[in-house]
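Have a look at the structure below, then the notes.
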Amino acid sequence: MDALDLARWQFGITTVYHFLFVPLTIGLSVLVAGLQTAWHRTGQERYLRATKFWGKLFLINVAMGVVTGIVQEFQFGMAWSDYSRFVGDVFGAPLAMEGLLAFFLESTFLGLWIFGWDRLPRRVHLATIWVVALGTWLSAYFILAANSWMQHPVGYAVDPATGRARLTDIGAVLTNSTVLVAYPHVITASLVTGAAFMLGVSAWHLARGNEVEVFRPSLRLALVVALVGSVGVAVTGDLQAKLMTDQQPMKMAAAEALYETQAPASFSVLTLGSLDGSEELWSLRVPRVLSFMAEGDPDARVEGIDDLQAASVERFGEGDYVPNVPVTYWTFRLMIGFGVLSAGLAVLGLWLTRRGRLPASRLFWRASVLAIGLPFAANSVGWVFTEMGRQPWAVYGVLPTSSSVSPTMSVAEIATSLSVLTALYGVLAVVELGLLVRYAKAGPPAVPAHSPDPADEDEPVLSFAY
Amino acid sequence: MTLPELWFVLIAVLWAGYFVLEGFDFGVGMLLAGLSRDEVDRRVVLNTIGPVWDGNEVWVLVAGGATFAAFPDWYASLFSGFYLPLLLVLVALIVRGVAFEYRGKVDSASWRRRWDLCIVWGSLLPSVLWGVAFANLVRGVPMTAEGEFDGSLLGLLNPYALLGGLTTCTLFLLHGALFLALRTTGGVRERAHRAAAALGPVAAALAVAFLGWTQALRGSAATLALAAVAAAALVAGLVAQRARREGWAFALTAVTLVAAVATLFVALFPDVMPSSTDPAGTLSIAGAASSGYTLEVMTRVAAFGTPLVLLYQGWTYWVFRRRIGRGSIPAPVALPAQRRPETAPEQVG
């Protein structure tokens, strides 16, 4: 493998890994803030215990999201320096804004929330967790604005003197149609991720009859958020499909392994074909659905890979403009499939727990625990789909991935960093998962005694300490 | 001042902020084992930086992001050129950050000992490597005519750069010891004072040697003045430490760090990455900068965001201003280590 392949593997591995923690952080921050608000409003101890329990799991997860995020920012310069040179004028701006306007907020207020129990007035302390949540949401916005620019570059011009992209309209970059649908898609998917985690852990305890008064409200909250989130994911996903057909028709065609242009086009639920995806052996199809997904019209014409390849050659010159079809085909299906399964479980759960009921069926509890993995899987394959489907472009239609890699980076350097990071991430995954499982199983803590007024003592006992 | 020059100054400010803030939490991290007699002491040490280290670390992320946005060429040449040292910094920051959060999560001496090692090494490596990186930057590295780094890893380990690494590491140790003396009571505070008293002269000697060498390499009247401020503040800080005026001592080492970073950036001016081989490869502020429009947008964002950040980060330090002692540390809340039946009971060491 050459440096380019290794750099792509490194980017893929570090990004998908980082994105295991990010949606859970985004989703759980809001859920924890909601529970703390419930405690603030009602004064009921069960909400305080729930806040502390989910808060601890949230923090175990946040730690990994934070540290793996550092790699993300640095590796643009390290492994993709030609990309950074070409797009820095445009792409760097949202990245720097994320740091200044979101990261500082998130990390500073997280410290205040963790260590501020009993140190800050209750109302102020409650506000700190909401600010943390706001920080995570803002951060997601800027990152997605940067990514959306790579999917659909707007607000720039290529400078004839330097041959590089130059920002002409920051407003256009921040209100790119692509980010306006990608952002709600990612946020709602993150809510589902946080909710599925809460659902699964609550189910594990409820199946054993543990702490019903803490876990039943958590379960109901999780089910409602999962359902609302799933509806949001579906609606925004549909909008995204239409936008994608318009902006990146090749990605849509590859997602369907549609080689020949069809009108109307059918959606393939499942197709078994040759390994390169060019030949179909057996297929289960729903007529006209692809036309509707792509254009909102059941009779619409959907362009196939062969025609799009020919058009690309005409526009950009000789080359292979077809992404890896089996990867795009399967990741697209799995993303949708995992999402539908989580939504189905949420509906079932709401029905089974209606009006104060708790289902006796072990099957539902078991399914809920297993379903924790569904949104994580959907998020991961979703990103693999959207990034692999853009190939061979780093910036769609403007900068090929092969022209983005660092020219001075040796194969030895990238091989070293790829192995070091992969090994480190592997070890940390085991540690993190172990801690999450142990703390999830341990259940909510007893409510700690609150010291009346810490300001009166010379050396007040910290209410939270490492 | 042109917009690119303004951004050069802002990036210097971000690095100065990073050295002052994460400088002390690196120092505290390195001193974790040395200043603690037992587990309670270690928890006292860690809790002085517990609420703030994460916010401090963001300064380097913003410095990186601002360099990307304001000087894409600098960001690209620097980060790809210093590939392996940066990888080492990343690994160090990863294990360190996770260690803070995870060390107290399992009640097992061996578990905590492992994470403590991560904290000590994770603080030590970046403390040395940032100094090495900045020294190389000022000294100049081999660059091609296209402005690409053309050197080797061994070339980065030259005597001047190693002295730079030693200097930042020792300054951070001193700065951290003074922070601990300021923020704790009892045994940790006493040991922090002794450590600061011992580290002080070493740090002063190294800083004078390094800034003097810098002066010889790329000095001007301005760098001389700034280096003199750094040295004077350091000496005054050591005097304040002997008088046990901990707040002053800490503030003065902060001034030393700011003045030292300013010396390096002024020495660099008007280049951002001077070439030691082909002069055509030197990246200058004007040559490496983004377009005027991008810098204008970024300036507006910085004018809005920076005061806000300073305000709430300052507030954090105010909220957690009280000293911490052994009596402040509550019982650990960690889950006990899982015992497998076949293993012997753990040794506490």
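Naming: A, B, ... by sequence-line order, numbering from 1 per chain. In this text, all values refer to a predicted model and were calculated from it rather than measured experimentally.
A donor-acceptor pair under 3.5 Å is absent between the side-chain atoms of B:Thr294 and the main chain of B:Ser290, judged by distance alone.
If you measure heavy-atom distances from B:Leu90 to chain A, the contacts under 4.5 Å come from the side chain alone. Of the atoms belonging to B:Val309, it is side-chain heavy atoms, and not backbone ones, that fall under 4.5 Å from chain A. In this structure, chain A has heavy atoms under 4.5 Å from both the backbone and the side chain of B:Phe100. The part of B:Val95 that comes within reach of chain A is its side chain, from C-beta onward, which places non-hydrogen atoms under 4.5 angstrom from that chain. Contacts between B:Trp74 and chain A at a heavy-atom distance below 4.5 Å are absent for every atom of the residue. Using a 4.5 Å cut-off between heavy atoms, B:Ser77 contacts chain A through both its backbone and its side chain. When heavy atoms are compared at a cutoff of 4.5 Å, B:Val319 approaches chain A by way of both its backbone and its side chain. The parts of B:Tyr312 that come within reach of chain A are both its backbone and its side chain, each placing non-hydrogen atoms under 4.5 angstrom from that chain. Neither the backbone nor the side chain of B:Glu146 comes within contact range of chain A, judged by heavy atoms closer than 4.5 Å.
A ring-ring contact (aromatic ring centres under 6.0 Å, His included) with A:His125 is found for exactly one of A:Phe109, A:Trp117, A:Trp130, namely A:Trp117.
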Next item on the list: Before giving the answer on ring pair (Phe, Tyr, Trp, His ring centres under 6.0 Å), spell out for A:Phe21 and A:Tyr17 the whole-Å C-alpha distance, their side-chain angles and the decisive distance to 0.1 Å.
Entry: CA-CA 7 Å; A:Phe21 309 103; A:Tyr17 189 74; 5.2 Å; yes
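For the set A:Ile414, A:Val90, A:Val427, the count of heavy-atom pairs under 4.5 angstrom toward chain B peaks at A:Ile414. For the set B:Ser80, B:Pro332, B:Gly55, the entry with the most heavy-atom pairs within less than 4.5 Å of chain A is B:Ser80. Chain B forms the most heavy-atom pairs under 4.5 Å with one residue out of A:Leu100, A:Val71, A:Leu428, A:Leu95, and that residue is A:Leu100. Of all the listed residues (A:Glu106, A:Glu98, A:Glu432), the one sharing the greatest number of non-hydrogen pairs under 4.5 Å with chain B is A:Glu432. Between chain B and the options A:Ser84, A:Gly99, A:Gly111, heavy-atom pairs under 4.5 Å are most frequent for A:Ser84. With chain B as partner, the option from A:Phe115, A:Phe464, A:Phe76 having the largest number of non-hydrogen pairs under 4.5 angstrom is A:Phe115.
Within a 6.0 Å radius of CZ in A:Arg123, no more than 12 heavy atoms belonging to other residues, nucleotides or ligands are found.
Note: B:Tyr18 and B:Trp15 have perpendicular aromatic rings, judged against thresholds of 30 and 60 degrees for the angle between ring planes.
When every heavy atom of A:Ala3 is checked against every heavy atom of A:Val405, the shortest pair comes out as O-CG2, 4.4 Å.
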